Amino acid sequence: MALAKVCAQWPDARSELKARLAKWNKAGFDFRLEWLLRCINAVITGEAMFSALKDVKTATFQDGLYKAEKAIDTLLNLISGRLGLDHNRVLGGIYAFPLMVRYLVARGGHLRDHTERDKLLYWYVHTLLWGRYAGSTESVLAQDLHVLESEDNPLDQLITNLRQNRGDLEIKAIDFQGWGMGARFYPLVYMLTRVHQAQDWDSGIELSKHLLGKHCYLQVHHIFPKSLLSKAGYPKSEVNAIANLTFLTQETNLKVSNRHPLEYFEAFEQTQPGAIATHWIPMERSLWQIENYRDFLTARRELLAQAANKFLNSLLTGDIPEPKATASVLEEEAESSTAVVPLAEERVLEECNVWVQEQGLPIGEWMYEIADSTGTVSTVLDLAWPNGLQSGKSQPVALIIDADQEIEEAANRLGYLYFSDIDRFKSYVIQEVLAVDFPTVDDYKQAFIAISSQLTDSHKLMLKAHYHSPGKIITATELAEAAGYEHFGGANLQYARIAELIANYLNYSPRQHDDSGKPFWSLMLASGYWKTLENPEITSQREWHWQLREQVSQALEDLGWV
């Protein structure tokens, strides 16, 4: 409603806001319109509630947008350069930005010195780690914004409030017990890698952006390979424990592959002495054995906690040396940054989020935090739409990959419709959310009868294969095999031909291809999406999947063609 009022006075408001979001997206940071509006509101009114914008004049809003944009640019460069959090998946704590933006604008866009800057970063990191804004964002933000206006030393008071809420801001080994990239302390491991001069094991180069250069990606690396741990019977939560993750260049990750840590640790110790230890690897050789994996995790968590406390305390006291100057993170394309190549499960989620956006629906929120009655984060959902896929019109939805019972129960309590299977989620989106108005079963039956003389044996073999495929989901390669085509391209071409014949008979026009602008004929028969295949974690292979429409399936069945 607040945005609608602004747009009524300034018709270009929405496009101007989206232009800023596109700029940050290009640099690897995905923000929502609501988030930017909250930052602008904080700048203009110092309030958390959007209702404060109701009497704001257009000129005031435009000025607030300009100041908020500049402050956000400054903060992204600061957080990227000082903390190494240079892309969306490790940024976290984004609802601390409205307060930081307000704080920065009030000081003319500049912080006094490195002590003030690092103290602000200390506060920010702890809001990220402990989920300061995971519960009632507006009420907590309102409290913190009030501190900015009422205290002579607001940063000290904000930190004091955090400490009082937590009881203690010390990082403990148990805090690193999470698993996967959705774990709260995953960004901290990445941060430590970037700011503590951790070295690449093969080259010895520091894993910091200014030394890596462009087009040199960091990759998530399982210290103990997944294949060896799974074979030894360790559960997925332990296989993907964040204490088993570190970051390497792609070249080194490929060299390590799935070798036993005892083997490759010894080899790298010979060529790059000391490089292994810069990743907080316990150097007791007995801990490098598969049977002692749990003891390895315990020891590494202790080392990570020690490093985290040393780093954060140095921020608080202003003792960290100045980093080398780097280019603005906003001047580079996201693919040129040290964006982490994600785990296989994360690739699937990222592709799914892109697919949702392509359907004209809002993107999901990564690592969505669910807080308990005390405001403490109790659960993190991999990908969530807390307001539904159609804001205000559908129930909250979440994707939870390999979730345990506790997470599923928490999602249930809060009324989330959750999915652990991507294909089921996409079926829900297509059939329940989009409710695309395709022809009826009878329409399809009439069309199939009318075009039957134009259908070849290969056409019919593809339709039959699609109908009998598991879940009625099939790839173009599988369609080609069923019909005897040498290449999936031939199957795609002929499948589109069937669909075009149906569309022409029914005088129906499917949506256009995003790239060519030509009709996407095959959508008459099925909905399509990319899916990452089960592959080694350091490579990515995708294949297009077709899901047969229910009306088409029923029509083929009624006609006896399958």
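In this text the structure is predicted, and so the values were computed from the model without any measurement. Hydrogens, waters and symmetry mates play no part in the numbers below; they use all other heavy atoms, side chains included.
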Expected output: side-chain Ser15 to main-chain Asp12 donor-acceptor under 3.5 Å: yes

Flag if over 12 foreign heavy atoms under 6.0 Å of CD, Gln9: yes

Parallel, tilted or perpendicular: rings of Trp130 and Phe185 (30°, 60°): perpendicular

Any Phe247 side-chain heavy atom under 4.5 Å of Asn253 side chain: no

Ile449 vs Leu559 side-chain heavy atoms within contact, under 4.5 Å: yes

No-hydrogen, no-angle side-chain donor-acceptor test under 3.5 Å, Tyr293 and Glu238: no

Donor-acceptor side-chain pairing of Gln554 and Asp558 below 3.5 angstrom: yes

Atom pair OH/CE of Tyr444 and Met524 - distance to nearest 0.5 Å: 4.0 Å

Donor-acceptor pair, side chain of Gln494 and main chain of Ala491, under 3.5 angstrom: no

Taking every non-hydrogen atom, the tightest pair across Leu248 and Leu207: CA-CD1, 4.5 Å

Greater than 12 external heavy atoms within 6.0 Å of Lys472's NZ: yes

Test log, rule side-chain contact (heavy atoms from CB on, under 4.5 Å), inputs Gln551 and Thr440: CA-CA 6 Å; Gln551 305 97 306; Thr440 66; 5.9 Å; no

Pairing of Asp86 and Arg194 as salt bridge, 4.0 angstrom limit: yes

Glu138 bridged to Arg38 by N-O distance under 4.0 Å: yes

From His87 atom NE2 to Ser80 atom OG, the distance as rounded to the nearest 0.5 Å: 10.0 Å

Distance-minimising heavy-atom pair for Cys352 and Leu399: SG-CD1, 3.6 Å

Minimum heavy-atom distance Val90-Leu128, with the two atoms named: O-CD1, 4.5 Å

Ala68 backbone acceptor or donor facing Arg20 side chain under 3.5 Å: no

Other residues, nucleotides, ligands: >12 heavy atoms within 6.0 Å of Phe488 CZ: no

Side-chain donor/acceptor of Asn41 to backbone N/O of Met49, under 3.5 Å: yes

Residue pair Thr249 / Gln219, side-chain heavy-atom distance below 4.5 Å: no

Criterion ring-ring contact (aromatic ring centres under 6.0 Å, His included) on Trp385 and Phe425, from CA distance to verdict: CA-CA 12 Å; Trp385 290 263; Phe425 169 75; 5.3 Å; yes

Closest non-hydrogen atom pair, Val239 against Tyr234: CG2-O, 3.6 Å

Minimum side-chain heavy-atom gap Arg14-Leu33 below 4.5 Å: yes

Validation row: Ile72, Cys39 side chains within 4.5 angstrom (heavy atoms): yes

Inter-residue atom distance Ile474.CD1 - Glu481.CD, 0.5 Å rounding: 8.5 Å

Side chain proximity check, Glu69 to Trp24, heavy atoms < 4.5 angstrom: yes

Minimum-distance pair of heavy atoms, taken over all atoms of Leu506 and Ala447: CG-CB, 4.1 Å

Shortest non-hydrogen separation from His260 to Leu228 and the atoms involved: CA-CD1, 3.9 Å

Glu351 and Val354, any side-chain heavy atoms less than 4.5 Å apart: no

Test log, rule side-chain contact (heavy atoms from CB on, under 4.5 Å), inputs Phe438 and Val552: CA-CA 10 Å; Phe438 278 91; Val552 177; over 6 Å; no

Aromatic ring proximity Tyr508/Trp521, centre distance under 6.0 Å: no

Nearest-0.5 Å distance that lies between atom CG in Asn240 and atom CG in Leu229: 9.5 Å

Enclosure of Glu486 CD (heavy-atom neighbours >12, cutoff 6.0 Å): no

CA sep, side-chain torsions, deciding dist, call: Leu188, Phe176, side-chain contact (heavy atoms from CB on, under 4.5 Å): CA-CA 9 Å; Leu188 184 56; Phe176 289 94; 3.7 Å; yes

Residues Ser227 and Ser230: side-chain donor-acceptor under 3.5 angstrom: no

Between CG on residue Leu525 and OG on residue Ser553, distance to nearest 0.5 Å: 11.5 Å

Residue that, paired with His466, satisfies ring-ring contact (aromatic ring centres under 6.0 Å, His included) out of Tyr495, Trp561, Trp546: Tyr495

Stepwise side-chain contact (heavy atoms from CB on, under 4.5 Å) check, Ile223 with Tyr264: CA-CA 10 Å; Ile223 299 167; Tyr264 74 80; 3.8 Å; yes

Arg424 CZ: over 12 foreign heavy atoms closer than 6.0 Å: no

Greater than 12 external heavy atoms within 6.0 Å of Asp457's CG: no

Any Phe97 side-chain heavy atom under 4.5 Å of Ile79 side chain: yes

Approximate separation, where rounding is to 0.5 Å, of Arg497 CZ and Ile451 CD1: 8.5 Å

Between Asn244 and His222: side-chain donor-acceptor atoms closer than 3.5 Å: no

